[in-house]
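Report on the structure given below.
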Amino acid sequence: MNDKFNLRAEYAALHSTYPVATRRPIVGITANYNDEHLATLAEGYYLSVLRAGGSPVIIPPYGDRGALVELLSTLDALVLSGGADIDPRYTGEEPRYDLLHTINPTRDEQELMLTLLAVDRGLPILGICRGIQTLAAALGGSVHQDIYAALGNKLLNHDQSEERGVATHWVSLSGNSRLARIFNDDKLFVNTFHHQAVNRVPQGFEAVAFSPDGVVEAMEATDGRSIIGVQWHPETFLLKENNECMLPLFSWLVGEARLFSAVKEVHSKIISLDSHCDTPMLFGGGYNFEERSTRALVDLHKMHDGLLDAVTMVAYIRQEARDDAALAAATAKADSLLDGIVARVEKNSSCAAITDNPAALPQLKREGKKVVMLGIENGYAIGKDISNIERYRRRGVVYMTLCHNGDNDICDSARGNSEHGGLSPFGREVVREMNRVGMLVDLSHAAEITFYDTLALSEQPVVCSHSSCRALCDHPRNLTDEQMRALAAKGGVIQVTMYGGFLRKEGEAALEDFMRHLLHAINVAGIDHVGIGTDFDGDGKIIGCADASQLHNVTRELLRRGFALCDIEKIWGGNWLRVLQQVQQAVKTTL
């Protein structure tokens, strides 16, 4: 028998040795839809993905939204393939039927939605020809209905008659672009089969390649997302005498997909926790935990997309006057905000839960529930009534930040007037009481002298729920290296924050700035004493981690730098939960 037809022999060969556990990343490729209502795909797409080391999966055009959402959970990257024109009504323009060729409503409806959902989840995306136009239309850019009508007739022939794998013109690449780094060149020779092209790139993108006549030939995300769109057809070159000149683009995509797959694998094995967000500040605007908010940076959808298991939502109380009426109002506001957190989570009890018990988090994750813990930012909330500490602990508050921006009756603030010279006598009682009832003492916002007073007094480890490193950004809210060492020696943790002003003095902060602070804190305090407290919705927000949906990018950067699973687990909540459990177990009274 011809060996080609001997399936049993091939089957036996596949099982001749026990395979090493490897997994190729799964790359979905959108299919075309022809006039005969058949789903089709040119072989260059899937062969290029295979050659680059991925497992291609063809996505036929369909409109079932639930199926799309389920599909995305299985993918590690997405290729938006070429085909018919984009309907201009999706970008707010009236169709010019004298300019349009064939439009494909079935593809438009599916792929524009698929793009939005894939971007929400952080999938690496490569858009090809129509695919770059799909990216532009879905994400807020626009597309020329016809480049010759829009830009004049003095253009190259962008609809070549040569074979598909033959280059007919060159494009120039921006020197600092990801695309130029992928090809290690500032000029590429490409093929071209289009009469539409990107007119305006979406926010967060930059046009990075142009043909000699000025037509946009490529764009890429500039905010940390792994998204590139090209106007030419790179997949066809592989079919022309096995030409691998465009394979680096697919290798980039598969490499990003492999990393994204590794990120998902890590998060399936750990508890990820953000120790500080100020989302309750937005409750007055009609915030609903179950809805994807256009204002709030934390909600159930964003937690899901960012692979975040738990978050501490705080009742933030602005420092105001300290007369009896103002103190009573502060306490009432804290109670109202805590009530609001609990009500919103309980409304979604099928997929979310409130807990103050660190040991409960693994089981809640297995049940598919996102976890919210309760905190108070600013001890001003207790007024002068120390019994409020036990009351708040009984209702589930796990930590209280001693102060905010201004001295209060407890202590001096990093932004205060040194009223007490550290902890006040009342503040010393507060720290002892927090130790007694098992509530974490949080020193973010505290003056340096308050920090050391508390460290000396507390019988338990203390924490900084959202602070960064003063050695890298000289701000009084940040911790010095000496403070971080002292915090670690006491067994506590510093939760590095994403508040831009604490990461750099000038310019907009990005994920790389956050990583510099995180790595510095690890080098100084040690891997067992560092975590993450974003300060989302309290002005915490950076390029590359603009909301909770992008938090998996931190894990991606940790993997890029070679961090092991056990250390990523510590950073993503293990250290914080260890300290929380230790403080709770040391409680000297029954609550």
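Keep in mind that this is a model prediction, so the values were computed, not measured.
There is a side-chain donor-acceptor pair under 3.5 Å between H445 and N405. No side-chain donor from either of D409 and Y380 sits under 3.5 Å from a side-chain acceptor of the other. A donor-acceptor contact closer than 3.5 angstrom is absent between the side chains of S549 and D120. Remark: the R578 side chain and the Q581 side chain contain no N/O donor-acceptor pair separated by less than 3.5 Å. With no hydrogens or angles considered, no side-chain donor-acceptor pair links N435 and E459 at under 3.5 Å. Judged purely by distance below 3.5 Å, without hydrogens or angles, the side chains of S444 and S467 pair a donor atom with an acceptor atom. Under 3.5 Å, the side chains of D535 and T497 contain no donor-acceptor pair of N or O atoms. The closest side-chain donor-acceptor pair between H520 and D481 falls under 3.5 angstrom.
Salt bridge E377/K333: absent, no basic N to carboxylate O contact under 4.0 Å. Of the charged side-chain nitrogens involved, at least one lies within less than 4.0 Å of a carboxylate oxygen, so that R436 and E433 count as a salt-bridged pair. By the 4.0 Å N-to-carboxylate-O rule, E512 lies too far from R516 to be salt-bridged with it.
The side-chain contact (heavy atoms from CB on, under 4.5 Å) test with M313 singles out one residue from D537, V345, T279, L338, and that residue is T279.
Of all heavy-atom pairs between V119 and R225, the closest is CG1-NH1, 3.3 Å. Listed here is the closest heavy atom pair of L374 and R395: CD1-O, 3.7 Å.
In this structure, R344 forms a cation-pi arrangement with F283, its terminal cationic atom sitting closer than 6.0 Å to the ring centre and no more than 45° off the ring axis.
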